[in-house]
J.: 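My questions all concern the structure below.
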Amino acid sequence: MSSYDLPPDVITPDQFKASMRLVRLQIAVPISVLVSLAANLVCALAIKPGIRGINALQPTLLSPNAAMIGLFWVAIYVLQVGFCLSLLLVRKEETKTMLVNGVGLRFAIANWLQAGWAVCWTLQFFIGAEVLLLINVINLLSIHLTLLPYPPTLRRPLDALFVHAPITLFLAFLLELAWLHNGFVALGWVIRDEHLWSRWTWQAVASVAAVNFVTAIWEAFTRQYVMTFSSVYLIFALLLSSPRTTPTLPTTALPKPTPLLVTLIAGLVLHPVALVAGVAWKRSREREGRIRLEDEVEAAEEAEREAEAGHANAHAHGHAHSHA
């Protein structure tokens, strides 16, 4: 009997607690997704200036391409709908354990924090928005770490698509882009005049390089395919964006400073190389393990043959001695 399914007559306290944890998730996560989606849609479409408008009014060296980020968020919310359906229809014990122990209510908290960020950003309370982003980065990182014992597998493709993927995309966006751009705005590193174009170049270079280097190392050690894809996509979103000192005038768009451009291009190379290196290292270790196992088996068989031969020789010697 499943530890999550209630027996018809009597249940143990542990079974009841496990069932209630899953039920709480089935209620809290869909509500949080609806609240987050509604808050972002209202702040983006119903209020002027909305999320995109304020982003245009606060151009920084880390302002992303708005259309690409919009598509990225469409993908996140579509996958979150799949997450909710998986949560409500879950039957496999492995998936239930992963959802309860690997994800938990923290994913609902992540969506509530995202809704709070949308409100703070629209109200142009940028420091509050930055605090919420940093809290959410830590929150999503904790989910990412507790999911490590439940890696995505081809045996459960829906879990990989609807559980691992939305959490990874969400984390990648906040960790590699959102808090950096929001932080620049909160610190006042905004390019409102052309002479400010390169004033914060090295701050941008340092922050982008540090975040992408750490993420690439993580991708290499954990073979994070979705994280690698997200990282490359977000770098393209930065490369294909030119902040305008006057949002309504395309002629005021400024190119990326050369040091930042070089850093972004290096990031495009770094992430795939790190992933390939991680996969190659894993396969090398597995090959070494198989070779070592084969050597140990051969050594054990050789020792067994030698022992049998020694026993046979001893028996023959004893037999000959008795005849003498």
J.: For the backbone of Glu93 and the side chain of Thr97, can you confirm whether one donor and one acceptor N or O come within less than 3.5 Å of each other?
T.: yes

J.: Measuring only between side-chain heavy atoms, which start at C-beta, is Ile27 closer than 4.5 Å to Val23?
T.: yes

J.: Verify, without hydrogens or angle tests, whether Ser32 (side chain) and Val29 (backbone) share a donor-acceptor contact under 3.5 angstrom.
T.: yes

J.: Could you measure the distance from the CG atom of Asn136 to the CG atom of Leu175? Nearest 0.5 Å is fine.
T.: 11.5 Å

J.: Are the side chain of Asn182 and the backbone of Ala178 linked by a donor-acceptor contact shorter than 3.5 Å?
T.: no

J.: Please check if the number of heavy atoms outside Arg52 that lie under 6.0 Å from its CZ is greater than 12.
T.: no

J.: Taking the side chain as C-beta and beyond, is there a heavy-atom pair between Leu134 and Leu174 under 4.5 Å?
T.: no

J.: State, to 0.1 Å, how close Leu132 and Gly116 come at their nearest heavy-atom pair, and which atoms those are.
T.: CD1-C, 3.4 Å

J.: Less than 4.5 Å apart, any side-chain heavy atom of Gln26 and any of Val90?
T.: yes

J.: Within a 6.0 Å radius of atom CD1 on Ile127, are there more than 12 heavy atoms belonging to other residues, nucleotides or ligands?
T.: no

J.: If you round to the nearest 0.5 Å, how far is CG of Leu133 from CG of Leu113?
T.: 9.0 Å

J.: A side-chain contact here means heavy atoms from C-beta on lying under 4.5 Å apart; do Val232 and Phe236 qualify?
T.: yes

J.: Which distance, rounded to the nearest 0.5 Å, do you find between the CD of Gln80 and the CD1 of Ile167?
T.: 8.5 Å

J.: Quick check: closest heavy atoms across Val137 and Trp179, and the distance to 0.1 Å?
T.: CG2-CD1, 4.5 Å

J.: Between Leu99 and Phe83, does the side-chain contact (heavy atoms from CB on, under 4.5 Å) criterion hold? Intermediate values first, please.
T.: CA-CA 10 Å; Leu99 290 170; Phe83 180 96; 3.9 Å; yes

J.: Determine whether the aromatic ring centres of Trp73 and Phe170 lie less than 6.0 Å apart.
T.: yes

J.: Would you sort out whether Tyr77 and Asn40 count as a side chain to side chain donor-acceptor pair (under 3.5 Å), showing the intermediate values?
T.: CA-CA 11 Å; Tyr77 279 117; Asn40 279 272; 3.1 Å; yes

J.: For the backbone of Gly53 and the side chain of Lys48, can you confirm whether one donor and one acceptor N or O come within less than 3.5 Å of each other?
T.: no

J.: For the backbone of Trp281 and the side chain of Arg283, can you confirm whether one donor and one acceptor N or O come within less than 3.5 Å of each other?
T.: no

J.: Look up atom CG in Asp159 and atom OG1 in Thr153, then write down how far apart they are to the nearest 0.5 Å.
T.: 9.0 Å

J.: Would you check if the side chain of Thr60 reaches a backbone N or O of Ser63 as a donor-acceptor pair within less than 3.5 Å?
T.: yes

J.: Before you tell me yes or no, could you show the steps for Leu158 and Thr95 under side-chain contact (heavy atoms from CB on, under 4.5 Å), namely the whole-Å CA-CA distance, both residues' side-chain angles and the distance that decides it to 0.1 Å?
T.: CA-CA 10 Å; Leu158 293 181; Thr95 304; over 6 Å; no

J.: Please say yes or no: joined through hydrophobic side-chain contacts below 4.5 Å, possibly via intermediate residues, are Tyr233 and Leu264 part of one cluster?
T.: yes

J.: Any link between Phe107 and Leu87 through a network of hydrophobic side chains (Ile, Leu, Val, Met, Phe, Trp, Tyr) touching at under 4.5 Å?
T.: yes

J.: How close do Arg91 and Lys96 get, heavy atom to heavy atom, and via which atoms?
T.: O-CE, 3.7 Å

J.: Looking at every heavy atom in both Gly102 and Leu147, which two are closest together, and how far apart are they?
T.: O-CG, 3.8 Å

J.: Are Val211 and Phe229 connected into the same hydrophobic cluster when the rule is that any two of I, L, V, M, F, W, Y join if their side-chain heavy atoms are below 4.5 Å apart?
T.: yes

J.: Return yes if some donor-acceptor pair links the side-chain N/O of Ser241 with the main-chain N/O of Ala237 below 3.5 Å, else return no.
T.: no

J.: Keeping Glu219 on the side-chain end and Leu275 on the backbone end, is there a donor-acceptor pair under 3.5 Å?
T.: no

J.: So His271 and Thr228, side chain to side chain donor-acceptor pair (under 3.5 Å) or not? Walk me through it.
T.: CA-CA 6 Å; His271 289 284; Thr228 301; 5.6 Å; no

J.: May I ask whether Ile51 and Leu45 are part of the same hydrophobic cluster, defined by side-chain heavy atoms of I, L, V, M, F, W, Y residues being less than 4.5 angstrom apart, directly or through others?
T.: yes

J.: Taking the side chain as every heavy atom from C-beta outward, state whether Asn101 and Arg21 have any atom pair closer than 4.5 Å.
T.: yes

J.: May I ask you to decide if Ser142's main-chain N or O and Arg106's side chain share a donor-acceptor pair within less than 3.5 Å?
T.: yes

J.: In Å and rounded to the nearest 0.5 Å, what is the CZ to CZ distance from Phe184 to Phe126?
T.: 15.0 Å

J.: Given side chains that start at C-beta, do those of Arg155 and Lys92 come closer than 4.5 Å, heavy atoms only?
T.: no

J.: Is there a donor-acceptor pair under 3.5 Å between the side chain of Tyr150 and the backbone N or O of Val103?
T.: no

J.: So which atom in Asn111 and which in Ser36 form the shortest heavy-atom distance, rounded to 0.1 Å?
T.: O-CB, 3.4 Å

J.: Checking side-chain contact (heavy atoms from CB on, under 4.5 Å) for the pair Val279/Val276: CA distance, chi angles, key distance, verdict?
T.: CA-CA 5 Å; Val279 172; Val276 171; 5.8 Å; no

J.: Report whether Leu261 and Ile235 are members of the same hydrophobic cluster (ILVMFWY, side-chain heavy atoms less than 4.5 Å apart, transitive linking).
T.: yes

J.: Calculate, to the nearest 0.5 Å, the distance between atoms CG and CG belonging to Leu25 and Leu88 respectively.
T.: 10.5 Å

J.: Go through the steps to decide whether Ile69 and Leu177 satisfy the test side-chain contact (heavy atoms from CB on, under 4.5 Å), and finish with yes or no.
T.: CA-CA 10 Å; Ile69 296 304; Leu177 180 58; 3.7 Å; yes

J.: What I'd like to find out is whether the side chain of Leu171 reaches to under 4.5 Å of the side chain of Met227, using heavy atoms alone.
T.: yes

J.: Can you see which heavy atom on Leu238 is nearest to which on Leu62, and at what distance?
T.: CD2-O, 3.4 Å

J.: Could you tell me whether the side chain of Met98 reaches within less than 4.5 Å of the side chain of His164, counting heavy atoms only?
T.: yes

